[in-house]
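Reminder, nothing fancy here: chain letters follow the sequence lines and each chain counts from 1.
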Amino acid sequence: MTKPVKTRFAPSPTGMLHIGGARTALFSKLYAKHTGGEYVVRIEDTDRERSTQAAVDAIKDGLNWLDLGPDNGQYVFQTSLVEKHTEAAHQMLKNGTAYKCFVAPEELDAMRKEAEERGEMPKYDGRHRDLTPEQIDDLEAKGVPFAVRIKLPLDGSTVWEDAVQGRIEIANTQLDDFVLLRSDGTPTYNLAVVVDDAEMDITHVIRGDDHINNTPKQIHIYEALGLDVPTFAHLPLIHGKDGKKLSKRTGSVDVMHYKDMGYLPASLNNYLMRLGWGMGDKEVISFNEAVEAFELTDVNKGASIFDFDKLDWLNGEYIKQMNNNDLFASVKPFFELDGTPLSEAAADRISKLMDALKPRARRLTDFVDVAQFCLFDGRPGLADAKAEEVLSAGMEHVNGLADALDMQDDWSEASLDGVVKTYIKESGAKFPAVGMPVRVALTGTTQAPSVGAILSALGKEESLKRLGHNIEMER
RNA sequence: GUCCCCAUCGUCUAGAGGCCUAGGACGCCACCCUUUCACGGUGGAAACAGGGGUUCGACUCCCCUUGGGGAUACCA
């Protein structure tokens with residue numbers, strides 16, 4: 001019989017939620033959902049030195065924003081399991097798969113240096129793996145501190161069938177008797193993950209392929225403890241523009257920074273899943289569609305480069321799909337970054353402008369740029385020399401249209417467009433000669449939505465004020 | 001250095017021996033639409049790293065080379 005699938009995301013709380021970690025979490029969750037299994041999150045906080053509460057919170061924030069928190073909402077902390085770890089080490093000591101090593105750190109360093117000079121792989125030479133019980137007792141009596149090391153086979157190889165990478169074989173000569181328990185009695189990472197994953201009944205270990213080299217070590221621990229070895233799935237890493245592991249230099253790594261940049265969580269998830277996985281020609285893929293189709297064996301083996309251009313495009317697609325109310329709600333905080341809430345008038349104008357703004361936006365921050373003119377009352381300041389030029393050249397039409405508008409009562413975008421068209425026809429002018437200066441008078445810039453949309457959003461009174469004010473200024 | 005992994009347009013990818021004259025998407029270019037900027041539409045340039053095999057037939061399988069990445073801790 002097969003156990004129900006259980007996957008886990010296991011970040012260490014030493015910083016923000018990394019974009020690569022987010023994808024690991026995403027794939028772990030997708031696979032669990034696909035198989036009807038469970039997905040959990042375990043915070044690997046055994047490194048007390050580097051772990052911080054702030055980092056724990058930051059990781060939770062990132063996960064929550066992307067809706068990648070654990071299924072049951074409960075975060076497991078590795079430190080809560082430490083007793084199991086030391087217990088496991090003692091069990092291994094007892095059954096002969098581990099031993100006490102009294103070699104001092106300085107001696108280890110020297111060993112490594114020598115190996116490097118000889119051009120060999122630096123590894124522990126196992127000098128204490130066969131100490132006699134008498135020697136051990138003697139050293140312990142003297143109070144020499146010891147670490148517990150695993151006793152690995154000296155030959156042969158370790159093999160596993162990786163769900164994404166395929167068969168991987170590593171010669172045991174490449175491995176050394178690594179430390180299980182430090183001389184201060186604390187467990188090391190490899191011991192802890194194995195014990196925890198077994199304890200939590202994890203069936204599929206999905207993680208970045210920078211863990212491939214840890215896998216044979218962990219398999220030996222599973223075997224020494226008589227535990228079932230889970231399925232491993234090593235995802236290719238995400239690289240930055242420079243082809244190297246994603247870093248702050250090559251692109252943003254903090255997931256929350258993407259929120260600040262105006263990306264939607266759904267589009268970031270969509271983008272992330274397309275890195276190394278896909279559904280044929282489909283680009284816009286919902287979470288549920290992905291759950292339906294996701295298979296670990298379909299994941300690519302090669303690393304991929306993070307491309308902001310495509311993320312921008314995808315985000316724009318998601319923005320276009322949103323309804324105006326939700327979209328306005330998402331956009332609103334970006335107008336209030338400085339802490340001042342949007343005025344009622346501004347909020348009203350912006351929400352009326354949604355249809356006009358939507359097709360031109362790629363990030364939520366784009367709304368702020370284009371809708372600046374909604375934030376204040378009265379005549380806008382002119383953006384640049386070009387705007388000034390256009391406005392002074394077109395004052396005649398600004399005045400003319402203002403007169404026509406004054407008699408208009410129906411202030412819907414469609415009928416306003418009609419008024420503008422009629423005015424153009426009657427005045428014999430070409431559209432740009434009218435539209436551009438009016439746009440400038442209304443918004444201060446030449447790059448703005450259609451005149452009808454602007455007028456409609458601003459309302460009659462404010463529109464005429466802006467146009468009229470200009471008339472006075474000019475006189 | 002040693003070990004492991006990877007290799008299709010600039011980027012993300014489709015491709016499981018003949019369907020490939022290598023498909024899609026982003027980006028780029030051109031044209032169309034147009035009330036600026038966008039959106040949208042149409043079209044275009046753009047790739048199987050190289051060399052050997054295997055096979056009637058290789059993008060697809062094997063080997064080598066090259067290139068790239070990752071790992072090499074009493075960190076996780």
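Looking only at atom types and distance, the side chain of A/N315 has no donor-acceptor partner in the side chain of A/D312 under 3.5 Å away. Checked by atom type, the side-chain pair A/D45/A/T79 shows a donor-acceptor distance below 3.5 Å.
Residue contacts for A/V103: at a heavy-atom cut-off of 4.0 Å it reaches a base atom on one of the strands shown. Using a 4.0 Å heavy-atom criterion, one finds that A/T188 contacts the sugar-phosphate atoms exclusively. Base contact: A/R50 has a heavy atom under 4.0 Å from a base atom. Contacts of A/H211 with the nucleic acid, taken as non-hydrogen atoms under 4.0 Å apart, include base atoms. Among the protein residues, A/L108 comes within range of the nucleic acid bases, having at least one heavy atom under 4.0 Å from a base atom. Among the heavy atoms of the strands lying under 4.0 Å from A/D417 is at least one base atom, whether or not backbone atoms are also near. Residue contacts for A/K358: at a heavy-atom cut-off of 4.0 Å it reaches no nucleic acid atom on any strand shown.
Judged by Watson-Crick or G-U wobble contacts below 3.5 Å, the nucleotide B/A71 has B/U2 as its partner.
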Review item, side-chain donor-acceptor pairs of residues 216-225 of chain A, under 3.5 Å, at least two apart:
residue : atom : partner : partner atom : Å
A/Q218  : OE1  : A/N190  : ND2          : 2.8
A/Q218  : OE1  : A/R207  : NH2          : 3.2
A/H220  : ND1  : A/P216  : O            : 3.0
A/H220  : NE2  : A/T158  : OG1          : 3.4

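With sequence neighbours left out, A/E140 forms a salt bridge (Lys or Arg N to Asp or Glu O under 4.0 Å) with A/K100. Residues meeting the salt bridge (Lys or Arg N to Asp or Glu O under 4.0 Å) test with A/K84, sequence neighbours left out: A/E199. Qualifying salt bridge (Lys or Arg N to Asp or Glu O under 4.0 Å) partners for A/D197, counting only residues two or more places apart in sequence or in other chains: A/R8, A/R42.
Within residues 269-279 of chain A, the residues having any heavy atom under 4.0 Å from RNA chain B are, by residue number, A/R274, A/L275, A/G276. Residues of residues 10-27 of chain A that place a heavy atom closer than 4.0 Å to RNA chain B, in numerical order, are A/S12.
One N or O donor and one acceptor, one from the side chain of A/N214 and one from the base of B/A76, sit under 3.5 Å apart.
The side chain of A/N300 contributes an N or O atom lying less than 4.0 Å from OP1 or OP2 of B/A14.
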